[in-house]
Amino acid sequence: HRGLPPYPPTGTPVIYIAHTILHNELAAYAASSWERPLRRLGKEIDRFIAKRVDGIIALCADAEDVLAPHARGPIEIIPPGLDPLRPPDTQQIDAACARHGLVPESYALYCGNLDGYQDLHLLAEAAHRLSSKAPSNLRSIVVATHDASRIPQVIAGLDRLQCVEVKDYSEIRALIAGAQSVVLSRRRRGGFPIKLLSYMEAQKPIVAYERVAPGFEHMHNAWLLGPEAEGSEFAEALCTLALREDLRTSLGRGSRQLLRDVHPWARLAQKTRNFAETIAADYSTRRELKPIQ
């Protein structure tokens, strides 16, 4: 265990769930001039935690790759889960869209927070491109969030991009169900964006960056962009999807099947329990050992 004590001073085994990799994300919360020092700080925090916990649950392979070289205990990839609920009905979808002046099946949707690591400037670039070339059945990109008062300047006041504030999760589900396609604009790797589960549940075609959408395959269950893709590539993907109902259908079905195959809670909960029991048993064994003087 890399020279560390055989058990933590808390007297309790600790499992760290690596929701994100701070080396990649921390710099998004400050001005660009702070990017390099904050990336270094995030890297040190990632290492510090990995060296001191008894086990790590990583949500994706990227997190495992970063943390495993520093981990004092086992690490296992266990993605988050979602058991699908009954989809919103037509009346619920129409009501949610009407509240925000939207027409069902005429918009691409992003839902979630407005923090810097979401790279929403890429959606602004895509919206700018759509203003001159969008098919008639794709009217806008919609950013749905719980706090529209924090709209970043980069996405404020743009044609073809609309930011709406939602009341609750049921309204989010209705807007997702009413969308033509759904987008994930973040580029930073190391976690599993939870919104993907809701996108998959709704059986919608997803546009995202490869490796940021773990488990997906390009043109099988999502439209995946290369790591250097910009807003113009987002716009191209959304335009093509708008023109090809067959592709929207096949990608949506593929994403829903991925949800069924990889993300059922019963299986993931059992896997988590098994991992925790392994960590607890190893911890008990180590407590019986005397530290080497």
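Keep in mind that this is a model prediction, so the values were computed, not measured. Heavy-atom basis, side chains included; hydrogens, waters and symmetry copies ignored.
Nearest heavy atom pair, residue A18 against residue L59, reads O-CG, 3.7 Å. Taking every heavy atom of both residues into account, S255 and F216 meet most closely at CB-CE2, 4.1 Å. Considering all non-hydrogen atoms of both residues, G81 and L197 come closest at O-CD1, 3.6 Å. Minimum heavy-atom separation, S198 to I176: CB-CD1, 3.8 Å.
A donor-acceptor pair shorter than 3.5 Å cannot be found between the side chains of T20 and Y117. Checking E171 against H100 by side-chain atom types alone, a donor-acceptor pair falls below 3.5 Å. No side-chain donor-acceptor contact under 3.5 Å links Q270 and R273. Counted by atom type alone, D168 and S170 present one or more donor-acceptor pairs between their side chains at under 3.5 Å. With hydrogens and angles left out, the side-chain atoms of N221 and Q257 include no donor and acceptor closer than 3.5 Å. Side-chain polar atoms of Q162 and S140 form no donor-acceptor pair below 3.5 angstrom. For the residue pair Y29 and E25, a side-chain donor N or O sits within less than 3.5 Å of a side-chain acceptor on the partner.
For R253, the CZ atom counts as loosely surrounded, since its 6.0 Å shell holds 12 or fewer non-hydrogen atoms of other residues, nucleotides or ligands. Within a 6.0 Å radius of CD1 in I17, other residues, nucleotides and ligands contribute 12 heavy atoms or fewer. Under a cut-off of 6.0 angstrom, the local environment of NZ in K43 is sparse, with at most 12 non-hydrogen atoms contributed by other residues, nucleotides or ligands. Heavy atoms of other residues, nucleotides or ligands lying less than 6.0 angstrom from CZ of R39 number more than 12. The number of heavy atoms from other shown groups lying within 6.0 Å of CD (E277) is above 12.
Here E105 pairs with K204 in a salt bridge; the nearest charged N to carboxylate O distance falls below 4.0 Å. Residues R173 and E201 are paired through a salt bridge, judged by an N-O separation under 4.0 Å between the basic side chain and the carboxylate. In this structure, D62 pairs ionically with R189, as a charged nitrogen and a carboxylate oxygen lie closer than 4.0 Å.
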### Task
Let me see the working for M219 and L247 under side-chain contact (heavy atoms from CB on, under 4.5 Å), right down to the final yes or no.
CA-CA 8 Å; M219 290 303 173; L247 183 57; 4.1 Å; yes
### Pair Y110-F234, ring-ring contact (aromatic ring centres under 6.0 Å, His included): steps then yes or no
CA-CA 12 Å; Y110 163 90; F234 259 107; over 10 Å; no
### Message
Y169 vs H146, test: ring-ring contact (aromatic ring centres under 6.0 Å, His included). Steps then yes/no.
### Response
CA-CA 9 Å; Y169 183 57; H146 67 286; over 10 Å; no
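Once rounded to the nearest 0.5 Å, the distance linking OH of Y107 with CZ of R160 reads 16.0 Å. Here CD of E125 is found 10.5 Å from CD1 of I141. Values are rounded to the nearest 0.5 Å. Taken from CG in D46 to NZ in K51, the straight-line distance is 11.5 Å, to the nearest 0.5 Å. For the atom pair CG of L184 and OH of Y209, the computed distance is 10.0 Å after rounding to the nearest 0.5 Å. In this structure, OG in S33 is found 9.0 Å from CG in L38, a value given to the nearest 0.5 Å. A distance of 12.5 Å separates CD1 in I57 from CD in E64, rounded to the nearest 0.5 Å.
Distance alone, capped at 3.5 Å, is enough to place a donor-acceptor pair between the D54 side chain and the V14 backbone. In this structure a side-chain-to-backbone donor-acceptor pair under 3.5 Å is present from H218 to L224.
Residue V183 is tested with L238, I206, L109, L122 for a side chain to side chain contact (heavy atoms under 4.5 Å, CB included); the sole match is L238.
Seen from the ring of F48, R52 counts as a face-on cation partner, given the 6.0 Å and 45° thresholds.
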